[in-house]
Amino acid sequence: MGTLPAMTTSTATRSPVSTVRTGDIQYWSRTLIPTAKDAPADAEAPSHKLLVRGGFIRRLAAGVYDYLPLGHRVLRKVTEIVREEMDRAGASELLLPALCPTELLHETGRADEYGDLLMRFEDRHGRDSYLGPTHEEVITELMRSAVSSYKQLPLNLYQIQTKYRDEFRPRAGLLRGREFLMKDAYSFHMHVEGEGGLNETYDAMYRAYSNVFERCGLNFGAVEAEAGPIGGSASHEFMVFCDTGEDTILRCPETGYAANMEKCEIGERSWSLEGEPSGEAEDVHTPDCPGIEDVSKLLKVKTRNMLKSVVFRVKSTPEELEKYGEEWIVAVVRGDHEVNEGKVKKAAEVGAIELAEPEKARANGFEIGYVSPRANLGKKGVLVVVDPDAAQGLDIEKGKPMFWVTGADKKDYHTKHFCWSRDLGMTIEEATTGSCPALMVADVRNAMAGDPSPKAEGVELEAQRGIEVGHIFKLGTKYSEAMGYTIMGEDQALHPVIMGCYGIGVSRTMASAVEMSHDDNGIVWPLALAPYHVLVTVMKPDDSASMDAAKNVASGLSASGFDVLIDDRFERPGFKFKDADLIGIPIRLTIGDKGLAEGAVEFKLRTDGGKGEFVKFDAVVDRCLEVAGG
RNA sequence: CGGGGUGUAGCGCAGCUUGGUAGCGCGUCUCGUUCGGGACGAGAAGGUCGUAGGUUCAAAUCCUAUCACCCCGACCA
C-alpha cells in the first residue's frame, strides 16, 4: 500500500456561530460504502435495488433498514432542508418519544382505529405500549398540560422522528417500511380564519412544503386529498410524480386542478333514465358468479353494460336506530367503474356508512352478489343512489336503447335487458320525486382518466402516478375535543383548540428522489440531496502527486461549501467509474496522468456521457459553482 | 386475511425428485501479471444447510412442528 491519505475531514476551522458552511471531505477508503453488483433477490423497485447496491441502506428485518454513511448523509440533507423551511415558517422543533403508553390512544379511540397497523406490545409490567405512527395524542397531551391560555397561541411544533407502522406487507424498500423517518408538525389555534388562525398556518405550511420539495429538486405537485384516518376537514397531499408511484392522481391539464383518485370530483355528466327497453327482461342462470368479471365472461357482456349495485349500511347511533330502524344505501355504478364510499356518504347526506355485512344484508332482502337497483326500492330506510354513467336509458353512442345487465335479486341469476323506465317497479317520477325520493342520481364513483374535468368544460382529466411524500391536514377540534383539551379565551370561556397537522416522509422522500431520477448505471442524485456534491476519482492513489492534487482540489471545493468524496481506493479505473455512476454523485472530477500533465482535472457531470472535459486546477471551484448555480 | 413460494458462505444460486465426502459464480485474503468503464492466473479462508423434534446404520435431502422472509390477491356483490 502507498502513502495513507490524511485523516482530516475538513480543512477549515468552524466558528461556533459562523453560518458559512464548510463542505465535508471524506475518503472512500476511510468510510463504509459497500457497493455491490447484484441487488438482493427480493428487491423490485428501482430505488430499493439502487440504494442497496450503492451501499446506502441494508435491510435488517422486514421493512427495517440500516442507513449506512451515504444513506445517512442523504437523510441529513433532506432533514436540513426541512428544518430550515419549517423554522423559517415559524415552527419550533422538539422531540417526542417514539415509545408511548397505549392508554393515550384510548382517549381518541385510535387504538382500535389503527388496529393491526399499530406497533404495540406489553412491557414487563404489563403496561400496554406502542411505537408511534403519528403523534397527535402525544403532542395534545403535552399541550394540555403546558398551554391553557389563548395568549400563548398560535403555536406550531414539529419533530423529526422515527415512526412505526406494523405494515402487513412492507415492500419496495424505503417506500413502505415498518420503520421510517418522518417530520411531523402540529399547530394550535383559537380560530380558523384571520391572523393567528389555522388557515394562516395551513397556508404557510403549504408554502413551506412547496419550498422543501422544490429545493430537494423533485418533480412534485400538491393535490387535494381525503383526510383519511387522521380525520379533519381540508387536506393536501404532496406527490412526487413518477411512473412507479403507488397512488393515482388525476389532474386537469387546463386549470392545474389535481386530486387523488378517491377525492377527485368529476365534471357535469348528462344522464337520463328515460328510454325504451332494449328487449324483453330475461333472467339468465349465472351460477357462482357474484362478481362483475365472472358474469361478464360467462355472458360475454362488456362490463360497461352491467350495473354494479353495492349495498351500504348507515352507521347509526342506538337512538337513531330506534327511531328510523336499519337504513340502507344501494350505490349503483357501471360495471367498469368503482364505487367511492366517501362520495356515497356525501350524496346520501349521512354521517357514516359501511359496506353491508353479507349476512345481515341478505336477511334484509339484498341478495348480495345478485343485487339490482330495484331491490327494496321504495321501502322505508332504503335509498338508491345511481351514478350518472349508470343512469342512462339511451345508448347515446349507438343511438338505441341502452342494454343493461344487472343482478336478478335471486341467487345465481342475472337479468338481461334491464330498463330503468320499465323495471323499477314504479315510475321514474315516483322514484325520484317527493320530499324523500327513493332514488337519486349523483356522482358516487372514483374518477378515471378521460372523465370530464370538474374545473373546465370540455376538458378531460389525465391520470398520473405518484408517491406521497407530504400531507397537510386541517384537523379542527377532533383531537382536542376527544382529549378534553380546552383553552381559556379572551372571552373568558373555554374553547376546544383548533389543530392542524403536517407530515413529511423523510426516508420516503429519499427513495422517491431515486425513483424519479436514475438510469441504467445507477442513481442520479439531485444536487441538493446528493450525499456528496463532488466525487474526486483518483486514478493512481499511490502516486503522491495525484493525491496531493486531489487534496488541493477537495479543500478548495470544501471552502466553497462543497461536500467532497475522494475515491482513493486501489481499484481498477473501470471499477471505480462504475461505482461512481452507481452512487450518483452529481459532479465527478477524475485525476489522472493526462490531466495532471496539463495541470487539469477531468470534469464530468453524472448526467453527461463520455469522459468529460479538462478543467485547470485553479478553475475547478468556479466551474463547480457555476453548475451548482452560484 | 386467502393463495403461492423461498430459507444452503457477505451477495446471487445449484444440490433435495432417487438419503451416503456440501458445491458454483461474485465478493474477501495472499502472490504474480495487469491498469481510463465492473481484468487474468495460481493459491487460501469462509457454511451448526433457518430452528426444534422424528424416521434411518446414515438427513441439506424424507416426515412433523415452528420461525423468518418474499410474491400475488383482498370491500366492487
Side-chain angles (χ1 to χ4, degrees), chain A residues 32 34-45 48-49 52-53 55 58-64 115-116 168-173 178 262 286 288-296 303 306-313 330-342 344 353-359 361-362 366-373 375 387 390 406-414 444-446 520-522 537-543 546 567 569-582 588 590-596 602 604 609-612:
Chain A
L32 178 65
T35 56
K37 223 190 302 194
D38 293 318
D42 50 45
E44 293 243 322
H48 188 189
K49 284 186 190 165
V52 172
R53 282 190 54 209
R58 280 273 166 116
R59 200 188 61 105
L60 207 225
V64 180
D116 292 336
F168 175 68
R169 189 151 80 79
R171 61 188 154 208
R178 293 194 299 162
E262 286 74 39
T286 50
D288 298 322
C289 284
I292 288 285
E293 289 298 324
D294 305 323
V295 181
S296 163
T303 53
M306 304 187 55
L307 294 174
K308 187 192 286 188
S309 307
V310 181
V311 182
F312 292 92
R313 196 176 67 86
V330 182
V332 182
V333 300
R334 223 167 63 187
D336 55 332
H337 290 150
E338 292 179 8
V339 172
N340 180 305
E341 198 173 309
V344 172
I353 59 173
E354 63 186 359
L355 208 61
E357 296 158 43
E359 297 299 306
R362 286 203 183 92
F366 295 105
E367 185 52 47
I368 296 299
Y370 308 89
V371 176
S372 86
D387 186 78
T406 178
D409 296 312
K410 54 186 174 187
K411 188 164 164 50
D412 295 337
Y413 283 92
H414 279 79
V444 288
R445 67 168 174 90
N446 286 344
D520 292 345
N521 294 317
T537 303
V538 184
M539 293 285 87
K540 293 183 175 171
D542 50 354
D543 171 54
S546 294
D567 188 354
R569 293 175 300 167
F570 293 91
E571 292 290 351
R572 298 166 59 81
F575 190 93
K576 292 165 85 157
F577 291 143
K578 285 288 184 191
D579 265 356
D581 288 346
L582 216 207
R588 190 183 85 196
T590 307
I591 295 188
D593 288 338
K594 292 167 208 162
L596 230 40
E602 285 159 59
K604 175 186 169 304
K611 289 183 177 178

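Hydrogens, waters and symmetry mates are skipped; everything else that's a heavy atom, side chains included, is used. Letters go in sequence order (proteins before strands), and every chain restarts at 1.
Taking atom C1' in both B:rG46 and B:rA9, the straight-line distance is 6 Å, to the nearest Å. For the C1' atoms, the distance linking B:rC67 with B:rU51 amounts to 7 Å, nearest Å. Rounded to the nearest Å, the gap between the C1' atom of B:rU64 and that of B:rU28 is 39 Å. Rounded to a whole angstrom, the distance from the C1' atom of B:rC76 to that of B:rG4 is 24 Å. Only the C1' atoms considered, B:rA22 is 8 Å distant from B:rG47, to the nearest whole Å. On the C1' atoms, B:rC26 is 33 Å away from B:rC62, given to the nearest whole Å. Comparing the C1' positions of B:rU8 and B:rC24 gives a spacing of 12 Å, expressed to the nearest Å. Comparing the C1' positions of B:rU61 and B:rC49 gives an interatomic distance of 10 Å, to the nearest angstrom.
Base pairing of B:rC24 is made with B:rG12, judged by Watson-Crick or G-U wobble geometry with both donor-acceptor distances under 3.5 Å. Across all strands shown, B:rC35 forms no Watson-Crick or G-U wobble pair with both distances under 3.5 Å. Pair assignment for B:rG73 gives B:rC1, based on Watson-Crick or G-U wobble hydrogen-bonding distances that are each under 3.5 Å. Remark: B:rG43 base-pairs with B:rC29; criterion is Watson-Crick or G-U wobble with both hydrogen-bond distances under 3.5 Å. Remark: B:rA68 base-pairs with B:rU6; criterion is Watson-Crick or G-U wobble with both hydrogen-bond distances under 3.5 Å.
Scanning both residues, A:Arg58 and A:Pro34, for their nearest heavy atoms gives NH2-CB, 3.6 Å.
The main-chain N or O of A:Val444 is found under 3.5 Å from a side-chain atom of A:Asp387 such that the two form a donor-acceptor pair. Listed for the A:Lys576 side chain is a donor-acceptor partner under 3.5 Å among the backbone atoms of A:Val538. A donor-acceptor pair under 3.5 Å is absent between the side-chain atoms of A:Asp38 and the main chain of A:Pro40, judged by distance alone.
As a whole-Å value, the separation of A:His48 NE2 from B:rC69 P is 13 Å. Following rounding to the nearest Å, A:Lys49 (NZ) and B:rG12 (C1') show an atom-to-atom distance of 13 Å.
Looking at heavy-atom distances under 4.0 Å, A:Val371 makes no contact with the nucleic acid at all. Contact annotation for A:Ala331: no contact, since no heavy-atom pair falls under 4.0 Å across all strands. Contacts of A:Val311 with the nucleic acid, taken as non-hydrogen atoms under 4.0 Å apart, include base atoms. If you check every strand for non-hydrogen atoms under 4.0 Å, A:Pro40 touches sugar and phosphate atoms only.
Counting only heavy atoms from C-beta outward, the side chains of A:Val339 and A:Arg445 never approach each other to under 4.5 Å. At least one side-chain heavy atom of A:Leu582 sits less than 4.5 Å from a side-chain heavy atom of A:Arg53.
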Practice task
Output, in order, the C-alpha distance, side-chain angles, deciding distance and verdict of side chain to side chain contact (heavy atoms under 4.5 Å, CB included) for A:Val371 and A:Asp409.
Solution key: CA-CA 5 Å; A:Val371 176; A:Asp409 296 312; 4.2 Å; yes
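Taking a cutoff of 4.0 Å between a charged side-chain nitrogen and a carboxylate oxygen, A:Lys540 and A:Asp542 do not qualify as a salt bridge.
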Handout entry: Reading 5' to 3' through nucleotides 23-38 of chain B, protein heavy-atom contacts under 4.0 Å coded B for base, S for sugar-phosphate only, - for none
Key = -----------BSBBB
